[in-house]
Amino acid sequence: MVGHILITGGAGFIGSWLARSMLARGLDVRILDDLSTGSVENIPQSRKLSFIQGSVRDPQSVRKAAEGAELVIHLAGLTGMRLAHALKKESFQIAADGTACLLAESPASARLVLFSSSAVYGLTAGEAISETLEITDASVCSYDGGEVGYAAGKWKLEQLALQAAESGRQVLTLRPFNVVGPGQSPRYGMVLPSFVRRARAGDPLLVYDLGEQTRSFCDVRNFCETTMDLIDRPKAWALSGSPINIGNPEQTSIRGLAEMVIHEAGSQSKIINKPYAQVFPGRTDVQHRIPNVARLHSLVGRPTWMGIREIVRETLNCEGHPETKWSQHPIS
Ligand SMILES: NC(=O)c1ccc[n+]([C@@H]2O[C@H](COP(=O)([O-])OP(=O)(O)OC[C@H]3O[C@@H](n4cnc5c(N)ncnc54)[C@H](O)[C@@H]3O)[C@@H](O)[C@H]2O)c1
């Protein structure tokens, strides 16, 4: 590559790991991040990396960061159920307006990797959800309690991606399913780091309802390798913005995860159950969220995913996390 790689949201969890992967390949990286949930402490130190503090909704910041970029990886956004619940409108706007701004202000020659989310599947809880599932505005909004929020923002991002591809941009759209691992903050309601923090402290682990909900967790480093692999495949770019599920299809129940964390931490913590609707009024929890990865496998083969127990152990072994802007918001 001749130009640099721009990573929006690169001071966050996935973005900082992707930056490390890019640097390990000897590539030049630029990060654009407003540090609303991310932190400079997450950003790897390297003379091949530069950081611009600014918002993806600010055309001037985006223009400056994207100038000369060959590849733009767009991760900036609000993540985590607590933020998605407390800041519905902002979650939508950052995804929708941020993506529109990025498309308008980045060089037309720059390839774009856009991060959507499995949240666009709304409350659909089939065995393994395929990209071919029909999605409507109503089904998307069911994720945010029937309102426009995080999921609708990601759905808008996907539509903008398709339009950009139609007008000749090279676009890759990814739908991640529960990425976890070392460095993820517990502050915004991500389940694994929240359990880990509580188990370490000997505090009770809060499980919504009976904990029979299942998720598929994938390790962030496997996730980044798979993303890099997709970026290297012309076949993936040939999809012209059609989304690709990316995640480990192994299912884990939330109760099973809580028990595993307590066991691996050697903790005396107890599990307490609380109705989901009491914690997030007006919302319904997604019962199962498992990706159909046939499309992913057809593009990169079958990735080797780290098992959940190993991920739990590695997450337990990593240190705490810095506090940032949204930590001032009354969400804990
Ligand atoms: N972690 C997951 O399991 C998961 C699953 C599905 C989708 N995603 C998507 O992947 C992306 C990254 O997720 P993450 O887990 O690393 O979250 P994260 O919160 O750790 O990272 C997001 C980063 O975006 C930055 N940011 C937020 N608003 C911004 C703005 N307006 N301008 C510039 N920067 C801004 C934050 O400061 C943060 O550094 C997000 O778009 C998220 O929706 C993540």
Side-chain angles (χ1 to χ4, degrees), residues 6-20 30-43 51-62 64-66 72-84 87 90-102 105 113-121 143 149-158 173-193 215-220 222-224 227 243-248 286 289 291 311 321-327:
L6 170 63
I7 305 180
T8 76
F13 169 54
I14 298 176
S16 58
W17 277 109
L18 265 176
R20 283 182 201 103
R30 188 172 296 161
I31 285 176
L32 174 68
D33 198 299
D34 69 355
L35 303 181
S36 53
T37 60
S39 163
V40 281
E41 290 169 40
N42 288 338
I43 300 175
F51 169 57
I52 294 175
Q53 184 171 353
S55 172
V56 279
R57 296 169 70 188
D58 171 31
Q60 217 180 330
S61 299
V62 174
K64 186 173 160 202
V72 177
I73 304 183
H74 177 40
L75 295 126
L78 294 185
T79 317
M81 191 43 80
R82 289 193 198 144
L83 283 180
L87 302 168
E90 290 87 342
S91 298
F92 174 81
Q93 286 172 336
I94 293 171
D97 302 348
T99 305
C101 185
L102 197 70
E105 302 299 339
V113 183
L114 303 178
F115 274 69
S116 177
S117 167
S118 58
V120 297
Y121 293 120
Y143 183 88
Y150 175 77
K154 291 299 190 183
W155 185 230
K156 180 73 186 172
L157 169 150
E158 291 199 8
T173 304
L174 306 180
R175 286 183 184 160
F177 284 61
N178 289 80
V179 187
V180 292
Q184 188 172 37
S185 169
R187 180 155 276 281
Y188 306 106
M190 299 308 221
V191 63
L192 179 55
R215 297 291 183 270
S216 60
F217 296 101
C218 70
D219 177 78
V220 65
N222 293 157
F223 179 86
C224 290
T227 301
I244 304 165
N245 284 344
I246 173 165
N248 176 5
V286 177
R289 185 41 44 91
I311 298 175
H321 307 276
E323 307 287 293
T324 47
K325 177 179 156 190
W326 295 113
S327 61

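Just so we're clear, the structure is a prediction, and the values are computed from it rather than from any experiment. Whatever order the structure lists them in is the order used to number ligands and atoms, beginning at 1. Heavy atoms only: backbone and side chains are in, while hydrogens, waters and symmetry mates are out.
Side-chain contact between Phe51 and Asp33: present, with at least one pair of heavy atoms (C-beta onward) separated by less than 4.5 Å. Residues Arg215 and Val286 meet the side-chain proximity criterion, which asks for heavy atoms closer than 4.5 Å. Within the 4.5 Å cutoff, the side chain of Gln184 has no heavy atoms near those of the Val220 side chain. In this structure, the side chains of Met190 and Phe13 stay at 4.5 Å or more apart for every pair of heavy atoms. Side-chain contact check for Leu174 versus Val113: some heavy-atom pair is nearer than 4.5 Å. Residues Asn222 and Asn248 fail the side-chain proximity criterion, which asks for heavy atoms closer than 4.5 Å. Taking 4.5 Å as the limit, some side-chain heavy atom of Asn245 sits within range of a side-chain heavy atom of Tyr121.
In this structure, Thr8 and Ala76 approach most closely via the heavy-atom pair OG1-N, 3.1 Å. For the pair Gly54 and Ser61, the tightest heavy-atom approach, listed with the atom from each and the gap, is CA-OG, 3.9 Å. Contact record, Gly247 with Cys218: CA-SG, 4.1 Å, taken as the closest heavy-atom pair.
For Ala76, no nitrogen or oxygen atom sits less than 3.5 Å from a nitrogen or oxygen atom of ligand 1, counting backbone and side chain alike. Backbone and side-chain nitrogen or oxygen atoms of Val56 are examined, and one is located within less than 3.5 angstrom of a nitrogen or oxygen of ligand 1. Remark: ligand 1 and Phe13 share an N or O pair separated by less than 3.5 Å (distance only, no angle test). For ligand 1, the polar-atom distance check against Leu32 finds no nitrogen or oxygen pair separated by under 3.5 Å. Where the criterion is an N or O separation shorter than 3.5 Å, residue side chain and backbone included, Arg57 fails it with respect to ligand 1. Looking at Ile14 next to ligand 1, an N or O pair under 3.5 Å apart turns up. Residue-to-ligand polar distances place Gly38 within reach of ligand 1: an N/O pair is separated by less than 3.5 Å. Annotation: Gly15 places no N or O atom under 3.5 Å from an N or O atom of ligand 1; distance criterion only. Between Ser118 and ligand 1, a contact under 3.5 Å exists for no N or O pair.
For Asn178, every heavy-atom contact with ligand 1 shorter than 4.0 Å involves the backbone, none the side chain. Proximity of Lys154 to ligand 1, defined as any heavy-atom pair under 4.0 Å, is confined to the side chain (atoms from C-beta onward). Here Tyr150 has side-chain heavy atoms under 4.0 Å from ligand 1, and that is the only part of it that gets that close.
Within the listing of ligand 1, atoms 32 (N), 33 (C) sit less than 4.0 angstrom from a heavy atom of Gly54. Each of the following atoms of ligand 1 lies closer than 4.0 Å to a heavy atom of Ser36: 26 (N), 27 (C), 28 (N), 36 (C), 37 (O). Of all atoms in ligand 1, numbered sequentially from 1 with element shown, those under 4.0 Å from a heavy atom of Ile94 are 28 (N), 31 (N). Close contacts between ligand 1 and Leu35 involve ligand atoms 37 (O) [criterion: under 4.0 Å to a heavy atom]. If you number the atoms of ligand 1 from 1 as listed, the ones under 4.0 Å from a heavy atom of Gly12 come out as 20 (O), 21 (O), 38 (C), 39 (O). Residue Ala11 has at least one heavy-atom neighbour below 4.0 Å for each of these atoms of ligand 1: 39 (O).
Remark: of the listed residues Val72, Leu102, Val56, Asp58, Val56 is the sole one forming a side chain to side chain contact (heavy atoms under 4.5 Å, CB included) with Leu32. Among Tyr150, Trp155, Phe177, Tyr143, the single residue meeting the side chain to side chain contact (heavy atoms under 4.5 Å, CB included) criterion with Ser117 is Tyr150. Tested against Ser116 for a side chain to side chain donor-acceptor pair (under 3.5 Å), the candidates His74, Glu158, Lys156 yield a single pass: Glu158.
Using a 4.0 Å heavy-atom cutoff, Ala95 is absent from the residues neighbouring ligand 1.
Residue nearest to atom 7 (C) of ligand 1, selected from Ser116, Ser61, Ser55: Ser116 (by heavy-atom distance). The nearest non-hydrogen atom to atom 3 (O) of ligand 1, considering only Leu78, Val179, Ile43, comes from Val179. Considering Asp34, Ile7, Val191 only, the shortest heavy-atom separation from atom 26 (N) of ligand 1 involves Asp34.
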